[in-house]
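For reference, the structure is listed below as structure tokens.
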Amino acid sequence: MNIRILADGEAVSRAAADCIAALVREKPDCRLGLATGSTPVGAYRNLADRVRAGELDLSRVTTFNLDEYQPMAEDNPASYRRFMRENLFDPAGIPLSRTHFPDGSTADENGTCREYDAAIRAAGGIDLQLLGVGRNGHIAFNEPGAALVAPTHLTPLTESTIRANARFFASSDEVPRSAVTMGMATIFAARRILLLIIGRDKHDALRRLYDDTVDPACPVTFLKLHPDVTVLADEAAYAD
Ligand code: GLP
């Protein structure tokens, strides 16, 4: 695991965009695994700016997002699909036909979860998976627990995640209590992982990357087992 501490969130966003842009230049039809939340927004803005300036073409990438709330209609303004359209796909010219999400609209979770993992494999696997981390150490919606789940699956959200994500909804009552998420094995199948950690709230999660343990009570620590992980964190998350 290569951990780089950078001055601030802007520097993290720029470095993340550099890394994604370099991959796309080398492999214009690469598969990107993408994350939602506040953390990657700066990197997405940076990528969209490069596309607008004519320095980068993202029109041939294929994307797979980590997760989606459940239940969640595709056209709901709080859906991750909508979030990604607004923050990356539309401004960066990524055709929606090349974007994929776990299905949060159906009760047939098991069938659609298996299909999602199969679709990733059929596309040739994810070349680069972008990740943020929750305050409680969750990645995607793999919440802390006695055991973690390997494939894409339906999961209940913890109270702390519901509270943290209430800012994207009118009130915390409106936050769905479940989500469909890539599992740990789905995430681990990515060739490279780029984890972004920005802000004081993420201090504990970042610090857990410096000891030698993997702990299901802090899912981000499992990334120590992956052979190619880069962490870009800011001073605010690092400082004591
Ligand atoms: C959500 C997402 C995660 C994300 C986390 C942190 O719960 N499912 O993929 O990493 O929030 O979000 P933020 O970047 O807003 O702190």
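Both ligands and their constituent atoms are indexed starting at 1 by order of listing. If you read the sequence from its start, that first residue is 1, and numbering goes on from there.
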Would you mind writing out the side-chain donor-acceptor pairs for residues 15-25 within the sub-3.5 Å range, not counting sequence neighbours?
{"unit_1": "Asp18", "atom_1": "OD1", "unit_2": "Arg50", "atom_2": "NH1", "d": "3.0"}
{"unit_1": "Asp18", "atom_1": "OD1", "unit_2": "Arg50", "atom_2": "NH2", "d": "2.8"}
{"unit_1": "Arg25", "atom_1": "NH2", "unit_2": "Glu55", "atom_2": "O", "d": "3.3"}

For this session: State which residue, out of Asp103, Asp67, Thr155, Thr152, fulfils the side chain to side chain contact (heavy atoms under 4.5 Å, CB included) condition with Val180.
Result: Thr152
Exercise. Do you know which of Tyr69, Phe64, Phe168, Phe101 makes ring pair (Phe, Tyr, Trp, His ring centres under 6.0 Å) with Tyr80?
Worked result: Tyr69
Problem set entry | Arg98 and Ser59 side chains, donor-acceptor separation under 3.5 Å | no
Problem set entry | For Arg177, salt bridge (charged side-chain N to carboxylate O under 4.0 Å, His left out) partners two or more places apart | none
I'd like a table of the close N/O pairs between ligand 1 and the protein (anything under 3.5 Å), one pair per line with both atom names and the distance.
{"unit_1": "ligand 1", "atom_1": "7 (O)", "unit_2": "His138", "atom_2": "NE2", "d": "2.9"}
{"unit_1": "ligand 1", "atom_1": "7 (O)", "unit_2": "Asn165", "atom_2": "ND2", "d": "3.2"}
{"unit_1": "ligand 1", "atom_1": "8 (N)", "unit_2": "Asp67", "atom_2": "OD2", "d": "2.8"}
{"unit_1": "ligand 1", "atom_1": "8 (N)", "unit_2": "Ala140", "atom_2": "O", "d": "3.2"}
{"unit_1": "ligand 1", "atom_1": "10 (O)", "unit_2": "Val133", "atom_2": "N", "d": "3.4"}
{"unit_1": "ligand 1", "atom_1": "14 (O)", "unit_2": "Ser38", "atom_2": "N", "d": "3.3"}
{"unit_1": "ligand 1", "atom_1": "14 (O)", "unit_2": "Thr39", "atom_2": "N", "d": "2.9"}
{"unit_1": "ligand 1", "atom_1": "14 (O)", "unit_2": "Thr39", "atom_2": "OG1", "d": "2.4"}
{"unit_1": "ligand 1", "atom_1": "15 (O)", "unit_2": "Ser38", "atom_2": "N", "d": "2.7"}
{"unit_1": "ligand 1", "atom_1": "15 (O)", "unit_2": "Ser38", "atom_2": "OG", "d": "3.4"}
{"unit_1": "ligand 1", "atom_1": "15 (O)", "unit_2": "Arg167", "atom_2": "NH2", "d": "2.5"}
{"unit_1": "ligand 1", "atom_1": "16 (O)", "unit_2": "Lys202", "atom_2": "NZ", "d": "2.7"}

Listed pairs under 3.5 Å, donor-acceptor, residues 137-144 side chains, sequence neighbours left out:
{"unit_1": "His138", "atom_1": "ND1", "unit_2": "Asn136", "atom_2": "OD1", "d": "2.9"}
{"unit_1": "His138", "atom_1": "ND1", "unit_2": "Glu143", "atom_2": "OE1", "d": "3.2"}
{"unit_1": "His138", "atom_1": "ND1", "unit_2": "Thr161", "atom_2": "OG1", "d": "3.2"}
{"unit_1": "Asn142", "atom_1": "ND2", "unit_2": "Ile139", "atom_2": "O", "d": "3.1"}
{"unit_1": "Asn142", "atom_1": "ND2", "unit_2": "Met182", "atom_2": "O", "d": "2.9"}
{"unit_1": "Glu143", "atom_1": "OE1", "unit_2": "Asn136", "atom_2": "ND2", "d": "3.1"}
{"unit_1": "Glu143", "atom_1": "OE1", "unit_2": "Thr161", "atom_2": "OG1", "d": "3.1"}
{"unit_1": "Glu143", "atom_1": "OE2", "unit_2": "Thr158", "atom_2": "N", "d": "3.0"}
{"unit_1": "Glu143", "atom_1": "OE2", "unit_2": "Thr158", "atom_2": "OG1", "d": "3.1"}
{"unit_1": "Glu143", "atom_1": "OE2", "unit_2": "Thr161", "atom_2": "OG1", "d": "2.7"}

